[in-house]
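Following: one structure in structure tokens, then a few remarks.
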Amino acid sequence: MALLPLALLAACAAPVPRDVSVRHVESTETAGDGARWHIFLFDPSEPRDLDTRIALARRDVAREGRCRWVERPRSEIVARTQEQGERYAGTVLAAALRCAA
């Protein structure tokens, strides 16, 4: 089976919505190396899949400029997000950030 070119695969990915309000709050839990876990909150009336929430959160962090995304394994992001409760499964995201004071 032939592999698809990367550009073709990228074209298949769902676009990240532009006008989406994202907020995040710093938790009290450390993520190590000066980072803390942050909880991202999305519109509860529109649940989103994990990849979309990650893309929206990363874009928000980059736009904000005060914090920097800290890479963590996807499994750790999933576990921390699931800790927020099944009720919020499609509307929250837990991610590690390192922020300036």
Side-chain angles (χ1 to χ4, degrees):
M1 181 162 113
L3 295 176
L4 294 173
L6 188 56
L8 185 57
L9 287 174
C12 295
V16 177
R18 292 198 179 278
D19 299 329
V20 174
S21 176
V22 180
R23 295 182 303 135
H24 65 96
V25 294
E26 185 175 333
S27 79
T28 58
E29 291 189 46
T30 182
D33 297 328
R36 290 212 167 278
W37 285 99
H38 285 238
I39 305 301
F40 287 82
L41 308 168
F42 300 89
D43 182 354
S45 68
E46 190 176 342
R48 293 178 168 83
D49 64 64
L50 182 65
D51 289 329
T52 301
R53 283 179 281 146
I54 289 172
L56 288 167
R58 289 179 77 102
R59 185 176 67 193
D60 185 66
V61 168
R63 183 177 16 212
E64 183 183 78
R66 187 178 72 83
C67 297
R68 198 183 65 162
W69 190 270
V70 177
E71 296 298 331
R72 290 293 187 258
R74 183 181 177 88
S75 60
E76 192 172 2
I77 291 172
V78 168
R80 293 289 181 148
T81 298
Q82 288 175 342
E83 288 174 4
Q84 305 312 307
E86 189 61 36
R87 177 178 175 193
Y88 304 107
T91 61
V92 300
L93 175 75
L97 302 179
R98 191 172 294 116
C99 300

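If you read the sequence from its start, that first residue is 1, and numbering goes on from there. Keep in mind that this is a model prediction, so the values were computed, not measured.
- With values rounded to the nearest 0.5 angstrom, Gln84 atom CD is found 8.0 Å from Ser27 atom OG.
- Between the Arg72 side chain and the Val70 main chain, no donor and acceptor come within less than 3.5 Å of each other.
- A salt bridge links Asp51 with Arg74: at least one charged nitrogen is closer than 4.0 Å to a carboxylate oxygen.
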Distance-only donor-acceptor pairs under 3.5 Å for side chains of residues 85-100, two or more places apart:
{"from": "Thr91", "atom 1": "OG1", "to": "Tyr88", "atom 2": "O", "distance (Å)": "3.3"}
{"from": "Arg98", "atom 1": "NE", "to": "Asp33", "atom 2": "O", "distance (Å)": "2.8"}
{"from": "Arg98", "atom 1": "NH2", "to": "Asp33", "atom 2": "O", "distance (Å)": "3.0"}

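- Under the side-chain contact (heavy atoms from CB on, under 4.5 Å) criterion, Arg58 pairs with Ile54, Trp69, Glu71, not counting sequence neighbours.
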Would you tabulate the side-chain donor-acceptor contacts of residues 36-44 under 3.5 Å, counting partners in other chains and residues two or more places apart, or write 'none'?
{"from": "Arg36", "atom 1": "NE", "to": "Glu26", "atom 2": "OE2", "distance (Å)": "3.3"}
{"from": "Arg36", "atom 1": "NH1", "to": "Thr28", "atom 2": "O", "distance (Å)": "2.9"}
{"from": "His38", "atom 1": "ND1", "to": "His24", "atom 2": "ND1", "distance (Å)": "3.0"}
{"from": "Asp43", "atom 1": "OD1", "to": "Ser45", "atom 2": "N", "distance (Å)": "2.9"}
{"from": "Asp43", "atom 1": "OD1", "to": "Ser45", "atom 2": "OG", "distance (Å)": "2.8"}
{"from": "Asp43", "atom 1": "OD2", "to": "Ser45", "atom 2": "OG", "distance (Å)": "3.1"}

